[in-house]
**Student:** 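Next up is a structure, given as structure tokens.
So that the names make sense, note that chain A is the first sequence line, chain B the second, and so on, each numbered from 1.
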Amino acid sequence: MAKPNDKQLQMILEDMVIARTQASRLWNLQRQGQVGTIAPIDGHEAAVVGAVHALETESDWVLPQYREPLGLRRYGPEVLDTFMLYNLGHPAGGHIPDPVKVAPSQISLGASIPHAVGLAWGMSLKDEPGVVLVFFGDGASSEGDFYEAGNLAGVLKAPVILFCVNNQWAISTPTHLQTAADSFASKAEAFGIPGVTVDGNDPIAVYEAVFNARKRATSGKGPTLIEANVYRLGAHTTADDPTRYVPSDELSAAQKKDPVHTFIKDLTARGLWSDTKQDEIETAALERIDEAFEKAKNTPLSANSLMDHCFVSDTPRQLRQRSFLMDSTGKSNEH
Amino acid sequence: MAKPNDKQLQMILEDMVIARTQASRLWNLQRQGQVGTIAPIDGHEAAVVGAVHALETESDWVLPQYREPLGLRRYGPEVLDTFMLYNLGHPAGGHIPDPVKVAPSQISLGASIPHAVGLAWGMSLKDEPGVVLVFFGDGASSEGDFYEAGNLAGVLKAPVILFCVNNQWAISTPTHLQTAADSFASKAEAFGIPGVTVDGNDPIAVYEAVFNARKRATSGKGPTLIEANVYRLGAHTTADDPTRYVPSDELSAAQKKDPVHTFIKDLTARGLWSDTKQDEIETAALERIDEAFEKAKNTPLSANSLMDHCFVSDTPRQLRQRSFLMDSTGKSNEH
Amino acid sequence: MLEAINETLHSEMARDERIVLLGEDIGRNGGVFRATEGLIEKFGESRVVDTPISEAAIAGSAVGLAMAGLIPVAEIQFLGFSYQAMHQIAGQIARLRYRTQSRFESQITIRAPFGGGVRTPELHSDSLEAQFANIPGLKIVLPSTASDAKGLLTSAIRDPDPVLFLEPLRGYRGIRDLVPDEEHIVPLGKANLIKKGDDVVIISWSYQVELSRRVAESLEGDGISAAVLDLRSIVPLDIEALTQIVSHCGRAVVVQEAPETGGFASEIIATINDECFWSLEAPVVRVSGFDVPYPVGMLENFYVPDESRIRSAVLKTMEND
Amino acid sequence: MLEAINETLHSEMARDERIVLLGEDIGRNGGVFRATEGLIEKFGESRVVDTPISEAAIAGSAVGLAMAGLIPVAEIQFLGFSYQAMHQIAGQIARLRYRTQSRFESQITIRAPFGGGVRTPELHSDSLEAQFANIPGLKIVLPSTASDAKGLLTSAIRDPDPVLFLEPLRGYRGIRDLVPDEEHIVPLGKANLIKKGDDVVIISWSYQVELSRRVAESLEGDGISAAVLDLRSIVPLDIEALTQIVSHCGRAVVVQEAPETGGFASEIIATINDECFWSLEAPVVRVSGFDVPYPVGMLENFYVPDESRIRSAVLKTMEND
Ligand SMILES: Cc1ncc(C[n+]2csc(CCOP(=O)(O)OP(=O)(O)O)c2C)c(N)n1
Ligand SMILES: Cc1ncc(C[n+]2csc(CCOP(=O)(O)OP(=O)(O)O)c2C)c(N)n1
Ligand SMILES: [Mg+2]
Ligand SMILES: [Mg+2]
């Protein structure tokens, strides 16, 4: 159905609250030096969660940029578990296990967009059902990869949803320095595909846009570009100081439209949400992330991991390097 | 003036006839093994010449792809002279002398577009008058460079004209496999700049489009994307066999709209052209290209040229290589 | 060599229907060199795909096709235009297995012609193999014979890891040798000692092997017994074969078309230094292109190593007796 | 080192108004590492330009700016993202002078941070210098001290040819030394023998010079006299300084962070082989990253050369006595 039902609305808000709650826990862990650089999801929850709830997790792929993982709970607990390993800098943090149809974070801006197009194209060649949704930012939209892939998707009518999370900033670069286009959605013209702008603070609007794009894709009509307008409420990452460049009035205006608060109010008014529920969800979310963190910390790591998974089997040079590594780490353990 | 006057019309046709005539001579030279691979201009004359006649040669730059040089006569005899050196594979073929504001051919598709944007941007930073017009093909428009540069031009409001010569083919790839966009001009939406489609067989329409784009650019309003629709009447290059893929009915339909023939008829009807004039121009064009060819053939070349102009002065390694080269070519001359 | 490549693509596509070809002008036109001739007619437009002129999207969508369980064989029309796709080749394809710890693999072959001697326009002839060799996660295969082209391309396509398969422009029509009709597999990473010898070994890959062989044969007349080692792939590098023959001869010449600085010949010399320094009787001699961009046609003969330069290099390494 | 870079940009921009800075987040934000702090305030938005996130357009428009007679100093936020601009850097910037026979020149400086040890995300730490070194027409400069950063950046900006100026991430805050207040010029292509020695020379560039120096100093205690040569730039390569010190010591260790295969250390070894083979008393030893993609944070310490690995390498080369 194009509109989420009450149960779905509740689940969407649950996932939004979970994302927000876990994000703040993650921020603290970073501040304590327990995990590496974090890109907070704050402000993006409705866009990410709303989009993902319109997908079929069994058949549809999600290729995130780097800000979305906490919003992908619907795809299963493996996403968070793997994300915590990723945040620790553990190599297993890149391996979301089969059959979860989520790719690991993409650091290279725009680079996942042609992957999404190729994957969608491959699925349709194999007559597999399903679509691919790829998340990318307003900043990433300036990369050649976005355009080349969007254009290719248009030609191939690939079942892909190009989902641009326009949070108004690419680190310190505001959208008016990113493009002179009327909107990011209007770039769809260049690919001959539909472009849709939605209020990314409204999870229902996002859900509907993705639902429709999905229907279009699965019925062979090809890709859709969706621009979800949100506002980045936090820093770009834990390494960033947004007070240097974010105008404070703009920020406080955006805070008033906070997607989580707004949707809590909405669903509370509809009798679908309560403070008790909120508490329960938050408590569980914190427990869950702490559990994932503990698990990640206790995941063993051997020096051998450095050499594993480059090729299916070592080249002669890699064999030499591996034995050198084993010798020298062996030695240094003796100290 | 937005419309070319009679004198200008005559000059445009002259240049078109010259280009056509010289192109066929060049084709023959290639077939005789006298010059390297050639990309014929046939079918593109109105678009290229019409565009260039709307520019101010003193202040405006032209950055060609590789098919246009014969159409750039208006920029001075140096263009042809240098082009003949280029066709011979002589290094001086890349050096169109100052102050001719024409860049040498660009083989890397799309790569000149950011150069054009940077050059236009630089000119405006220096408060220099003038604009930059960059030619590129329908095929080149699929490169990331086109999009990234177009987007940047939009943001900077650079005084640049992005001139897409849509000749319906990129080697064997037809436009419907190149993009699903409504037109190449519509890609301007992605940059927030105007996109204009013109009949590239009509030099007057092309002139007007460029004239207006130029006016817009010089008055600080920024770039324009122009798509000129033509048909590639010849092969992609002398190395190509278009009968493998060009539908013959499509080709013969296009031949009926041959821009040179059509414009001859037009101007003859207006009393601005005659068979005598045509003969004169053709004869002179042939003489001119033969002269340029002779001059190019007689341009000396030393082995030293291999090492010159990489850096302003040789690195230690290059010095060693240069003396090795001199020794070994010296030796081989002794044989 | 061209026919061998074309035939291999035919037989591999017939063997495994997961194979999908993508690239510029590979369909109706059969490739600008006819390497993919007849394939679209045989396997259809959905398995032989003429893409837009977007090298990055070709390489990038190949990643997605591989994620979907297909086996993309992409063509970059000329190796010089792989620069347009470098962020996908080096940043994504080469790392897919590593960054996902083998959840995904890049069973992707990228074919691209390169190399000098045929007076092409800019960026068509550049030998970039060393730049790729410094990118871990890519295999780099450079056949020097038609028969190897078949055997190595078969292995490349079947290899679960990404392979850059570099075809010598000059060899397309210039190299002709007997190609086995039946399935023919040459494993990746096994060098080929195409000529035995005792005094010096000439080490090379791709078209330069052909020149090296000619020089080695002509040196017999001078009483010099020169071996020729065809590396066939520079990643994986057959360190054992390299070490063995260099140790045996005590003298070596490495021939490449790429610019001298940072070319793969340097890596060969460094490897010889590591593995068999003590058996060297003279410094290894490099024969290379020069440290300038690949030049225009009239300068090409000065740039590309030829038999006389290889010969001089061998004589030079024999001097220190 | 960061302050030295920032100060140099300030003084050069004040000196020559043709200089224009372009890059991602270099304006209002002063660069993600604050290397361009204060410049937009001082020189305005038209000379310090926050671009869209388009590395290829940054590099490509720099070509146009140079054609217009300006002097662009571009920042690529992390060297790994220069792959996105490779077709412009390698295919255009490096060739502009050559292909136009000096009608145009690329007086372009591209600054980019790189190098390991600070647990960055993917593609932020990769040492790609050897890939660029095989591209003729680019100068590649890698300072190892704050003072050199000033002197070399000044030279880079003023050099009429394109310079890739690579800044060690770990050195931004980790390297602190006295920087001359006044104009300070270190010519490109002159290596620096930062420590004399007689038994062995450690050859390196960028942050690894700092580690090499520490090792060399500590080796004094072991009675080993180790010289340290900081190459400063790998193109141009100071062949003379290299040859001199290697000939003097007879033993050499080359240290790089890049993957072993095809890293620039190989070129150093090949050059030593060419120039002073006969003075070698032992094979040169390489200390390198491994032939795998730059790893995630927890594996970084296994990957990046450290003092103990450099030390072992020196001891190894001293074995053959
Ligand atoms: C190709 C590339 N260039 C530059 C960077 C450095 N960088 C990391 S995040 C970022 C801004 C991205 O903005 P946007 O796409 O809008 O995503 P957001 O962070 O706002 O979610 C930049 C420039 C990168 N990761 N990849
Ligand atoms: C970056 C790049 N990729 C591929 C090529 C090979 N190539 C040369 S011309 C051409 C087709 C170009 O078509 P278009 O831009 O429409 O120009 P036209 O030849 O039709 O004038 C191709 C693919 C190239 N020169 N550069
Ligand atoms: Mg953003
Ligand atoms: Mg075309």
**Student:** To the nearest 0.5 Å, how far apart are OH in C/Tyr98 and CG in A/Leu306?
**Tutor:** 4.5 Å
**Student:** Pick whichever of A/Ala153, A/Ala111, A/Ser112, A/Ser305 has the most heavy-atom pairs under 4.5 Å with chain C.
**Tutor:** A/Ala111
**Student:** Taking only heavy atoms into account, what residues of residues 68-90 of chain A are found under 4.5 Å from chain C?
**Tutor:** none
**Student:** Below 4.5 Å, heavy-atom pairs only: which of C/Leu138, C/Leu22, C/Leu96, C/Asp238 has the largest tally toward chain A?
**Tutor:** C/Leu138
**Student:** Side chain, backbone, both or neither: which part of A/Ile113 has a heavy atom under 4.5 Å from chain C?
**Tutor:** neither
**Student:** Answer yes or no: does atom NZ of A/Lys221 have more than 12 heavy-atom neighbours from other residues, nucleotides or ligands under 6.0 Å?
**Tutor:** no
**Student:** Counting only non-hydrogen atoms closer than 4.5 Å, does C/Glu55 touch chain A with its backbone (N, CA, C, O), its side chain (CB onward), both, or neither?
**Tutor:** backbone
**Student:** Do C/Thr100 and A/Pro104 have side chains that approach each other closer than 4.5 Å (heavy atoms only, starting at C-beta)?
**Tutor:** yes
**Student:** More than 12 foreign heavy atoms under 6.0 Å from CD of A/Glu294: is that the case here?
**Tutor:** yes
**Student:** Report the distance from atom CD of C/Gln92 to atom NE2 of A/His115, rounding to the nearest 0.5 Å.
**Tutor:** 4.0 Å
**Student:** Filter on salt bridge (charged side-chain N to carboxylate O under 4.0 Å, His left out), then keep only pairs touching residues 80-94 of chain C, sequence neighbours left out; what's left?
**Tutor:** none
**Student:** Mind checking which of residues 307-323 of chain A sit less than 4.5 Å from chain C, heavy atom to heavy atom?
**Tutor:** A/Asp308, A/His309, A/Cys310, A/Phe311, A/Val312, A/Thr315, A/Pro316, A/Arg317, A/Arg320
**Student:** Is it the case that over 12 heavy atoms from other parts of the model lie below 6.0 angstrom from the NZ atom of A/Lys157?
**Tutor:** no
**Student:** Which atoms of C/Glu45 are under 4.5 Å from chain A, going by heavy atoms: the side chain, the backbone, both sets, or neither?
**Tutor:** neither
**Student:** Just wondering, more than 12 heavy atoms not from A/Glu128 lying within 6.0 Å of its CD?
**Tutor:** yes
**Student:** Please list, in residue-number order, every residue in residues 116-124 of chain A that has a heavy atom less than 4.5 Å from any heavy atom of chain C; write 'none' if there are none.
**Tutor:** A/Gly118, A/Leu119, A/Trp121, A/Gly122, A/Met123
**Student:** Tell me, out of C/Met67, C/Arg47, C/Arg103, C/Gln88, who's got the most heavy-atom pairs with chain A below 4.5 Å.
**Tutor:** C/Arg103
**Student:** Calculate, to the nearest 0.5 Å, the distance between atoms CG and OG belonging to A/Asp145 and C/Ser54 respectively.
**Tutor:** 10.0 Å
**Student:** Would you mind telling me which of C/Ser106, C/Pro162, C/Pro236 has the largest number of heavy-atom pairs within less than 4.5 Å of chain A?
**Tutor:** C/Pro236
**Student:** Given that the side chain runs from C-beta out, which part of C/Thr271 has a heavy atom under 4.5 Å from chain A: side chain, backbone, both or neither?
**Tutor:** both
